[in-house]
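Report on the following structure.
In what follows, chains are A, B, ... by sequence order, proteins preceding strands, each numbered from 1. All values reported here derive from a predicted model rather than from experimental measurement.
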Amino acid sequence: MTTLYASFADRIGAILDDLQASGALPAGLDRRNVAIEPPRDPAHGDLATNAAMVLAKPAGTNPRALAELIVPKLAALPEIASAEVAGPGFINVRLTEQSWRDELAGILASGGDYGRSAAGRGTRVNVEYVSANPTGPMHMGHCRGAVVGDALAALLEFAGYAVTREYYVNDAGAQVQTLARSAHLRYREALGETVEIPEGFYPGDYLIPIGQALAAEFGNAYVGKPESEWLDLFREKTVAAMMDMIRADLALLGIAHDVFASEAAVQKAGKVDAALDRLRGEGLVYEGTLEPPKGELPDDWEPTEMTLFKATAFGDDSDRPVRKSDGGLTYFGTDLAYHAQKAETADMLIDIWGADHAGTVKRIKAAVQALTAGKVAFDVKLVQMVRLLRGGEPVKMSKRSGSFVTLADVVREVGKDVVRFTMLTRKADAQMDFDFAKVVEASKDNPVFYVQYAHARGRSLHRRAAEAGIDLAPAADLSLLDAEELALVKLAAQFPRIVEGAAQAHEPHRIAFYLYDLAAMFHALWNRGNDDPARRFLLSDKPEITRARLALSDAIGQIIRNGLGVMGVTAAEEMQ
RNA sequence: GCGCCCGUAGCUCAGUUGGAUAGAGCACGAGCCUUCUAAGCUUGGGGUCGCAGGUUCGAAUCCUGCCGGGCGCGCCA
């Protein structure tokens with residue numbers, strides 16, 4: 001269905017067309033800045049447009065005069081109760097109560113599709129997120145990016161984009177070689193040797209079963225043999241096992257990627273040379289030396305020739321090496337080719353990165369621009385660190401011993417829904433505290449609980465109505481709803497535009513904040529029943545009113561389910 | 001030294017991509033409720049949107065310069 005706001009945009013557009021046809025307005029006005037919005041102050045009505053203010057100057061008139069031309073045409077529309085000029089030239093519109101009742105009926109009729117949008121027009125967007133190194137289990141450092149990326153993917157899908165969820169497996173660098181060597185130690189251990197894990201190796205216990213599996217598969221075939229005989233094999237086997245473990249961890253959060261792209265495969269397929277050759281042909285890749293870094297000069301600085309990408313041509317501060325002076329690829333060199341690969345099948349790329357990689361955003365943006373001639377939109381979303389607390393005290397973590405807070409532990413303790421919702425209660429680039437005590441608290445301070453509670457209240461209404469013997473089959477008479485109840489419908493009706501705005505801005509946290517506001521207003525309405533029993537949702541002796549109020553409650557519940565669905569959170573049937 | 005992110009109520013944060021008198025929760029003040037329509041409700045005080053300019057009908061939002069905080073800074077991943 002078209003949203004209320006979109007349909008009014010059409011109507012304003014038609015009115016402007018009329019005014020242009022009749023010569024009251026010049027042709028060819030740029031209408032891109034014309035907005036239809038709910039005013040912040042409800043006293044200003046249900047909808048407001050700035051059309052007169054934006055168009056007055058190019059039309060050679062003044063805002064109020066132009067508004068006076070538009071208002072009568074608006075007021076003539078059947079669903080409009082009043083339209084008036086206000087302030088510097090805003091046009092404030094009040095809709096009839098009937099249009100809000102229609103909107104409520106529309107929410108219920110649309111069900112799980114309410115808020116779904118075609119705004120994305122099927123644009124193919126590739127969202128790459130998590131992409132944790134396959135050297136161990138997922139820990140809490142990965143968690144926020146995982147949730148933000150997954151929710152963003154779902155949000156874009158809901159808003160009409162064709163989404164691919166992708167994970168980039170860094171299986172080619174020095175770290176996975178260290179992993180393979182660490183696994184080889186565990187393999188020897190499994191065969192009876194007493195081993196010590198040297199500094200710089202991966203010490204975690206999770207490699208013990210890998211070593212046992214390798215021992216079971218290969219016996220002692222690779223004991224005392226040079227690395228050249230086993231390193232690649234052990235790397236592949238161990239990375240595969242790590243990825244199984246990571247997939248299992250992600251599954252706990254309800255995350256499943258469509259594509260796992262291998263760094264080694266990108267190199268093996270010759271994509272790096274292809275991309276670099278192409279750029280070399282355009283003069284964007286060359287052999288050269290870098291300027292020394294500004295500020296303190298490292299003691300051992302000496303200019304060396306290597307292969308560089310001309311990132312400065314696209315606004316970066318320095319050109320960036322794609323091949324080291326020894327001819328080996330840099331991480332960036334392969335990453336550049338990997339983005340070219342993604343761009344082959346997408347109109348838009350989104351990367352979710354930890355904020356500690358902020359320094360490399362410019363070069364990869366430069367690369368994508370160079371590789372796609374600016375035709376593929378590209379956004380890097382930086383996700384800030386999460387501080388883990390328990391009752392206000394920082395959770396101690398020791399990296400050295402290899403013991404860190406794993407994602408699996410946290411999900412086990414507080415549950416998937418709490419983790420996901422909490423990760424979306426801040427915008428991604430703001431730091432966040434995750435307090436084990438607070439996120440499970442049953443109080444208004446905890447948005448997770450508050451939203452779930454609103455939904456559960458609505459569900460319990462049905463159970464209680466059944467107990468009270470109320471027949472819910474007949475259609476609800478929505479004319480029985482009062483002004484306060486319709487005010488809740490007005491907030492509910494904003495869900496579609498919240499979805500579109502959040503999708504366009506790549507900000508899934510907006511859904512969480514909106515749901516909190518919606519829940520708060522629903523609770524306030526519910527609480528009226530404490531002071532005045534006649535205003536309760538459930539009145540056992542008044543089935544007509546109960547049916548109308550249940551329709552309202554159902555609509556709110558539907559939107560909460562739809563919103564939580566985008567966030568990957570299950571709506572609670574009841575609070576325990 | 002350079003670059004990126006940030007600076008909004010005492011605290012934690014929103015702010016509909018430039019809209020009207022800048023909001024919420026916590027905390028604080030006052031009143032109410034003692035309830036399974038439960039895990040609270042109503043209400044009040046509280047602001048130089050870091051500072052100073054600029055852009056325009058209009059700026060927390062965009063531009064420039066300062067101040068303050070975080071992160072990053074030759075071939076690492």
Less than 4.5 Å apart, any side-chain heavy atom of A:Leu95 and any of A:Phe8?
yes
Any side-chain heavy-atom pair from A:Glu128 and A:Ile350 closer than 4.5 angstrom?
no
Check whether any side-chain nitrogen or oxygen of A:Lys57 sits under 4.0 Å from OP1 or OP2 of B:rC57, and answer yes or no.
yes
Less than 6.0 angstrom from the centroid, inside 45 degrees of the normal: does A:Arg390 satisfy that with respect to the ring of A:Phe436?
yes
Establish, for the pair A:Lys310 and A:Tyr286, whether the NZ or CZ atom is under 6.0 angstrom from the six-membered ring centre and no further than 45 degrees off its axis.
yes
Any donor-acceptor N/O pair under 3.5 Å between B:rA24 base and A:Tyr516 side chain
no
Chi-angle category of B:rU55 [syn within 90° of 0, anti beyond]:
anti
For nucleotides 42-46 of chain B, print each protein N/O atom paired with a nucleotide N/O atom at under 3.5 Å, atom names and distance only.
none

Each nucleotide N or O in nucleotides 75-77 of chain B that has a protein N or O under 3.5 Å away: list the pair and distance.
{"from": "B:rC75", "atom 1": "O2", "to": "A:Ser325", "atom 2": "N", "distance (Å)": "2.7"}
{"from": "B:rC75", "atom 1": "O2", "to": "A:Ser325", "atom 2": "OG", "distance (Å)": "3.1"}
{"from": "B:rC75", "atom 1": "N3", "to": "A:Ser325", "atom 2": "OG", "distance (Å)": "2.9"}
{"from": "B:rC75", "atom 1": "N4", "to": "A:Thr304", "atom 2": "OG1", "distance (Å)": "2.5"}
{"from": "B:rA77", "atom 1": "O2'", "to": "A:Asn133", "atom 2": "ND2", "distance (Å)": "3.3"}
{"from": "B:rA77", "atom 1": "O2'", "to": "A:Gln175", "atom 2": "NE2", "distance (Å)": "3.0"}

Does the distance from a Lys or Arg side-chain N to an Asp or Glu carboxylate O, for A:Glu305 and A:Arg323, drop under 4.0 Å?
no
Which one, B:rA14, B:rU16, B:rA39, comes nearest to the side chain of A:Phe513?
B:rA14
Which nucleotide in the set B:rU16, B:rG19, B:rC13 lies at the smallest distance from any side-chain heavy atom of A:Arg426?
B:rC13
Can you give me the N/O atom pairs linking the protein to nucleotides 3-11 of chain B at distances under 3.5 Å, or say none if there are none?
{"from": "B:rG3", "atom 1": "O3'", "to": "A:Lys362", "atom 2": "NZ", "distance (Å)": "3.2"}
{"from": "B:rG3", "atom 1": "O2'", "to": "A:Lys362", "atom 2": "NZ", "distance (Å)": "3.4"}

